[in-house]
Structure formats: structure tokens, C-alpha cells
There are 2 protein chains.
Amino acid sequence: METSHTGDELARILATLANPHRMRVIAALAHGRNYVSALARELGISRPLLQLHLAKLEAAGLVTAAFELSADGKAMKYYDTVPFTVTLTPQSIAQAARTLTTVEGDN
Amino acid sequence: METSHTGDELARILATLANPHRMRVIAALAHGRNYVSALARELGISRPLLQLHLAKLEAAGLVTAAFELSADGKAMKYYDTVPFTVTLTPQSIAQAARTLTTVEGDN
DNA sequence: GGCACATGCTAGTTTTTTCTTGCAGGTGAA
DNA sequence: TTCACCTGCAAGAAAAAACTAGCATGTGCC
């Protein structure tokens with residue numbers, strides 16, 4: 001559950017979600033947690049590419065990672081979605097825009 | 001007022017909103033409509049740059065443009081925000097992801 | 001005419017993001 | 001040992017986005 005974000009946080013969240021691969025990752029994880037190699041196979045993309053997207057999703061706080069040992073002793077990195085609710089309206093954008101830190105010239 | 005979007009529409013909306021300049025444009029227009037030259041001065045950015053961002057906002061359906069003649073007969077292009085409400089949750093993302101059209105390899 | 005304001009467009013650069021390729025490490029099992 | 005899995009990382013290529021600079025148009029007013 002998300003409450004309010006700074007403008008920069010919101011911008012990062014939106015930029016992170018605005019990608020087809022990452023939307024599919026969220027969709028896949030919404031059905032249940034999974035580890036990266038299996039997830040890569042499920043989505044039909046390369047593992048390094050998936051790791052890149054997972055890193056961005058995690059940086060934005062939209063998924064979490066947890067190491068776990070499989071039955072046969074292998075280290076698996078499991079990812080799961082973080083529940084969130086973000087409501088976008090012109091007003092909420094305006095509110096967030098007030099806390100943007102992008103410095104350029106002046107304002 | 002927004003209802004449901006295709007995955008591609010949602011991705012475009014999010015990508016459009018995920019930019020500091022465009023967030024500020026939404027914020028500025030939320031206070032009232034304005035024309036591009038005045039808006040550029042208010043935001044402290046160049047007019048060509050603002051026009052680029054306005055074009056993207058309009059393409060995403062987040063703002064509308066209307067030509068109007070000023071008192072002294074000059075053609076002014078006024079922009080205004082379009083009311084919208086987009087709620088993001090893992091489920092809504094998953095739902096949108098089903099209609100993504102990005103073709104790559106297979107799925 | 002010349003100045004100040006409005007718009008539009010385009011070509012080229014810079015920056016960021018995306019993606020591939022390839023190599024490293026580790027484990028258990030045949 | 002070799003094979004099939006798992007992870008991590010980094011360098012370089014490719015693609016997309018952001019931004020600048022400059023020129024064009026038009027208007028009314030002094």
C-alpha cells in the first residue's frame with residue numbers, strides 16, 4: 001500500500017512501469033513468486049535482460065527479492081510483487097511536481 | 001475521466017507522465033489554461049522544448065490544444081489539461097499487460 | 001520599415017535506455 | 001570429470017528520448 005510519493009519517486013515509478021517487459025514481469029509475479037531463470041523462460045527473454053528489468057523494478061520498490069535454497073541445495077533468487085496503489089490525476093501530478101528536484105536554470 | 005486502457009495506451013500514458021518537465025506542465029495547466037510562449041516563460045524552458053513535451057502530452061490524451069485570437073489579433077495556442085484518473089496496482093498492470101502488442105520472438 | 005510578440009518546423013547533437021554477448025562463480029547428480 | 005542447473009557482472013552495440021540552434025511564417029504597433 002502506497003501513500004504519497006515525492007515527485008522524483010513518482011517519476012521513477014512511472015518510468016519503471018512504462019515498459020512492456022516490466023509490465024509483463026509484474027503480471028507474471030502477480031500470479032505467484034518465481035526465480036529469475038524460470039521467469040526468463042516463462043517470458044521468453046534472455047536472463048541478463050530480465051535481470052536488468054528486475055533491478056529497475058526493485059529500485060522502484062515494486063518487487064522484492066529473496067534468496068532461497070532449493071530442495072537440491074541451489075541458491076535461487078525469488079522475486080515477488082510488492083502491493084501498491086498509485087492514483088494518477090492532474091491534481092496528484094501537480095502535487096508531486098512541487099517536490100521535483102531537477103535543477104535547471106531556475107524556476 | 002478514464003476507464004480502462006489497452007496495455008499500449010497505459011504504457012504511453014505512464015511514459016508521458018514520467019518526466020519532470022511534463023509533470024510541471026500538467027501542474028501549471030492544472031491552475032488554468034495557458035498558451036505556449038507564456039508557459040515556456042513560466043516554466044523557464046525553451047519554447048521548442050516545451051512544444052516537444054506538449055506534443056507528447058497531447059498524443060497521450062492528457063492535454064488538449066485550442067487556437068484562439070488574442071485581443072490584438074494574434075493567434076495563440078492554448079493548452080488545457082484533460083481530467084483523468086488512472087489507478088495503478090499490480091492487478092491493473094497485469095490486466096493491461098495482457099493486451100500488449102509488442103511482438104518479440106513469441107510468448 | 002523595424003520591433004516585439006505569436007506560431008511551426010527541422011536538422012543535428014547529446015544523453016539515456018535498452019539489449020546482446022560473453023565470461024565469471026557456485027551447486028548437485030550421473 | 002562433465003553436465004545441467006543456478007547466480008552475477010561488465011563491455012559494447014543499438015535504439016530511443018531529450019534537447020539545442022536556427023530558420024520560417026504571421027500579426028499589430030510605433
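Labels below follow one simple rule: chain letters A, B, ... track the order of the sequence lines, proteins then strands, and each chain is numbered from 1.
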- prompt: Taking atom P of D:dA18 as reference, at what distance in whole Å does atom CG of B:Leu54 sit?
  reply: 13 Å
- prompt: Could you write nucleotides 1-7 of chain C as a row of B, S and -, 5' to 3', where a protein heavy atom under 4.0 Å of any base atom gives B, of only sugar-phosphate atoms gives S, and otherwise -?
  reply: ----BSB
message: Check this one for me: any side-chain N or O of A:His53 less than 4.0 Å away from OP1 or OP2 of C:dC19?
response: yes
field: Residues which pass salt bridge (Lys or Arg N to Asp or Glu O under 4.0 Å) with B:Glu9, listed by chain and number, not counting sequence neighbours
entry: none
query: Within this structure, what is the NE2-to-P distance between B:His21 and D:dA17, rounded to whole angstrom?
result: 16 Å
Sub-4.5 Å side-chain heavy-atom contact between B:Val25 and B:Leu43: yes
Closest nucleotide among D:dA18, C:dG28, D:dG28 to the B:Asp72 side chain: D:dG28
query: Closer to the 5' end of DNA chain C via nearest nucleotide, is it A:Ala18 or A:Gly73?
result: A:Ala18
query: Does B:Asn19 have a side-chain nitrogen or oxygen under 4.0 Å from the phosphate oxygens OP1 or OP2 of D:dA17?
result: no
- prompt: Who pairs with B:Ser70 by side chain to side chain contact (heavy atoms under 4.5 Å, CB included), at least two apart in sequence or on another chain?
  reply: B:Asp72, B:Lys74, B:Met76
task: May I have all residue pairs that pass salt bridge (charged side-chain N to carboxylate O under 4.0 Å, His left out) and include part of residues 27-38 of chain B, sequence neighbours excluded?
output: B:Arg33-B:Glu68
task: Could you state the atom-to-atom distance from CG of A:Leu49 to P of C:dT21 in whole Å?
output: 11 Å
Could you tabulate the donor-acceptor pairs under 3.5 Å formed by side-chain atoms of residues 88-97 of chain A, not counting sequence neighbours?
{"from": "A:Thr89", "atom 1": "OG1", "to": "A:Gln91", "atom 2": "N", "distance (Å)": "3.4"}
{"from": "A:Thr89", "atom 1": "OG1", "to": "A:Ser92", "atom 2": "N", "distance (Å)": "3.0"}
{"from": "A:Ser92", "atom 1": "OG", "to": "A:Thr87", "atom 2": "O", "distance (Å)": "3.2"}
{"from": "A:Ser92", "atom 1": "OG", "to": "A:Thr89", "atom 2": "N", "distance (Å)": "2.8"}
{"from": "A:Ser92", "atom 1": "OG", "to": "A:Thr89", "atom 2": "O", "distance (Å)": "3.0"}
{"from": "A:Gln95", "atom 1": "OE1", "to": "A:Arg98", "atom 2": "NH1", "distance (Å)": "2.6"}

Would you be so kind as to tabulate the donor-acceptor pairs closer than 3.5 Å made by side chains of residues 48-59 of chain B, with sequence neighbours excluded?
{"from": "B:Gln51", "atom 1": "OE1", "to": "B:Arg47", "atom 2": "NH1", "distance (Å)": "3.4"}
{"from": "B:His53", "atom 1": "ND1", "to": "B:Arg22", "atom 2": "NH1", "distance (Å)": "3.0"}

- request: Rounded off to whole Å, could you give me the CG-to-P distance for the B:Leu52 and C:dT10 pair?
  value: 13 Å
field: Value in whole Å for how far the C1' atom of D:dT20 lies from CG of B:Leu50
entry: 15 Å
